[in-house]
Amino acid sequence: MQRRLATSVLLAPAGLWFAVMLVLPLCFVLVFSLGERGAAGGYVPAFTFEQYANLPARGQAFLNTLILAPVGTLLALLIAYPLAYHLAQGVGPKWRTMLLILVIVPFWTSILIRSYAWIFLLGGQGVPALIEWMGFGAVRLINTRFAVLTGIVYGYLPLMVLPIYVSLERLDRRLLEASADLGAPPLRSFLQVALPLSLPGVATGCMLVFILLMGEFLIPAMLGGGKVFFIGNALVDLFLQSRNWAFGAAVAVTLVAIMLGTVTFYLMLMRRLGGARGNVDLI
Amino acid sequence: MRLYALAVFGFLYLPIAIIALFSFNAGRHASQFAGFSTQWYGKALANPFVMEALWTSVSVAFASALIASVFGTMAALALQGMRGRVRAIADALIYIAVMVPGIVIGIATLIALVTLFGWINPLLARLAPEGAAPQLGMGHGTLIAAHALFSMALVILILRARLEGMDRALIEASADLYAPPLATFRQVTLPMIFPGILAGFLLSFTFSFDDFIIAFFVAGSETTLPIYVFSSIRRGVTPEINAIGTMVLGASLVLLIAAQLILRRGRRAAGKDGG
């Protein structure tokens, strides 16, 4: 009895916080998405699916996100995998911890400043000037899809490296040795032993990067210059400029629904892969 | 292979290094290096808008990290070894808090709080008719509350990993020696989880200090440092932003590396090997 009381007291503040600052706001979004827009913006209570029917009005943002998020995820995977493999199998334990910290740390630093660095690098006086100086003619890099994809890969690489690293680190070296002893060339050992065993890590990394990309705002805002915009940019516009809260709420609910669908697909995939869901330390 | 790793680390750190380099540029133009100077740091630190935004960011980060550490630790202790419905709900909420994108959290918090304040403020006005009634609005308080939510989930996740790795025998031994539960907590549990709490505090502070998107929605008329930087960038790239960015990155790096070292050392001390 006393124990139960202690538990309740310990849980009460956090519970209240999550109820007021998370559950309640999410319920509000759901309710607002069924409402109507007020004459001066904001929200008028109603029960209609009109906002959802109107989603194609922001179709371009959905299209951009649904194309660039998977492409960005794939690029991050292609760059991250060899690095994760090298860290897990080719580096001594002493260096490994240090290098791992070096991979994680940028992820926790300001994505705003890190994207700004790319404005600086890809802007007129940066890489394009260098390319022109080398005699390849004038190119424009900033405010293009290329710039946005660069920012995406740069920002989310650590999140991709980590889960793959964890799955490869657990890999029993003796399996690779056995494969080599049986006469398999290195590439074949990799394709038939290491790669299949690392698939759970690959799936986790892709899922994490993809769902975070779905909600991205800063990178397209800074490197896409209004030409390459995501759902997140549409949301900022709807809430802070057009003040169309009901429609914005419907866009937000749709975004969360796509993310939930992704997570469900991931969980089903993991069950099939049979991999343990392994705790990935992002911190 | 090693060369490839080197190239990727270069990709991760070179842009940061270039920002830092150009923050010491003596020239007025952001991208032509015209000699070494620290004048932009002086300019940034003498700019009252920067200092005000910095103060807002630091105070919000400190308050939200403190709230998150205290309440998050309490919740993690309560959830330790718990099963059943309460645990399932708690786990679901923690994952939702971490996984739902910041932009949705920001929007949801904005519309919920604006609506709630719209209901509460007239009531407050009626309670104190002299016009002295406090009016609730978006600002410092809502920033702290919104940041504390994510940070609390973070602290609970960090401490849960630590509490699971903790040797239960120590607590049982303490109880066998007739220590009351509170004394056991103070003398056995707390010292073991303290590195986790400290690391959680540092990570929470960094998260809040660096967050742009949630603050963008819930800050009201307040300006945090990331909001200030974002709106300055829209007006153009200047060496002053490079200086501010370098300081922000430098501060985050110090806090983050401290948190990593504390966590890793703590993990080894708790007998749970691994990186």
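Lettering of chains follows the sequences in order, A, B, ..., and the numbering in each one begins at 1. Source: prediction; values computed, not measured.
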Side chain / backbone / both / neither for B:I89 at chain A, heavy atoms under 4.5 Å: neither
Okay, A:M207 and chain B: the region with an atom under 4.5 Å from a heavy atom over there is side chain
Side chain, backbone, both or neither: which part of B:I19 has a heavy atom under 4.5 Å from chain A? side chain
Heavy-atom cut-off 4.5 Å, strictly under: side chain, backbone, both or neither for A:V105 against chain B? both
Which atoms of B:L149 come close to chain A, meaning under 4.5 Å heavy atom to heavy atom: side chain ones, backbone ones, both, or neither? both
Residue among A:I101, A:L121, A:T7 with most heavy-atom pairs under 4.5 Å to chain B: A:I101
Establish, from distance only, whether the side-chain atoms of A:T204 and A:Y266 form a donor-acceptor pair under 3.5 Å. yes
Please classify the contact between B:F209 and chain A as side chain, backbone, both or neither, with a heavy-atom cut-off of under 4.5 Å. neither
Sort B:A148 into side chain, backbone, both or neither according to what part of it lies under 4.5 angstrom from a heavy atom of chain A. both
Would you call B:R160 and B:D91 a salt bridge, using N to O less than 4.0 angstrom? yes
What do you reckon, are the aromatic ring centroids of A:W118 and A:Y154 less than 6.0 Å apart? yes
Ignoring hydrogens and geometry, is there a side-chain-to-backbone donor-acceptor pair from A:E216 to A:L218 under 3.5 Å? yes
Side chain / backbone / both / neither for A:I79 at chain B, heavy atoms under 4.5 Å: both
Checking heavy atoms, do the side chain of A:F239, its backbone, both or neither come under 4.5 Å from chain B? side chain
Side chain, backbone, both or neither: which part of B:Y4 has an atom under 4.5 Å from a heavy atom of chain A? side chain
Out of B:A146, B:P15, B:S252, return the one with the most heavy atom pairs under 4.5 angstrom to chain A. B:P15
Contacting region of A:L83 [heavy-atom separation from chain B under 4.5 Å]: both
Portion of B:F212 that has a non-hydrogen atom of chain A nearer than 4.5 angstrom: side chain
Is a side-chain N or O of B:S57 found less than 3.5 angstrom from the main chain of B:L225, in a donor-acceptor match? yes
Is the shortest side-chain heavy-atom distance between A:W108 and A:I104 below 4.5 Å? yes
Answer yes or no on whether A:R37 is positioned over the face of A:F247, meaning its NZ or CZ is under 6.0 Å from the six-membered ring centre and within 45° of the axis. no
Portion of B:I67 that has a non-hydrogen atom of chain A nearer than 4.5 angstrom: side chain
Identify which of A:G215, A:G232, A:P106, A:P82 forms the greatest number of heavy-atom pairs closer than 4.5 Å to chain B. A:P82
Is there a donor-acceptor pair under 3.5 Å between the side chain of B:S208 and the backbone N or O of B:S204? no
Using non-hydrogen atoms and a 4.5 Å limit, figure out which bit of B:A153 sits close to chain A: side chain, backbone, both or neither. both
Pairs of donor and acceptor atoms involving the side chains of residues 19-35 of chain A, under 3.5 Å and at least two apart or interchain, shall be tabulated with distances.
| unit_1 | atom_1 | unit_2 | atom_2 | d |
| --- | --- | --- | --- | --- |
| A:S33 | OG | A:L30 | O | 2.7 |
| A:S33 | OG | A:Y52 | OH | 2.7 |

Would you please indicate yes or no on a ring centroid separation below 6.0 angstrom for A:Y116 and B:F230? no
Per-residue contact mode, A:M222 against chain B (heavy atom under 4.5 angstrom): side chain
Compile the donor-acceptor pairs under 3.5 Å between side chains in residues 97-115 of chain B and protein atoms, sequence neighbours left out, one pair per line.
| unit_1 | atom_1 | unit_2 | atom_2 | d |
| --- | --- | --- | --- | --- |
| B:T109 | OG1 | B:I105 | O | 2.6 |
| B:T115 | OG1 | B:I111 | O | 2.5 |

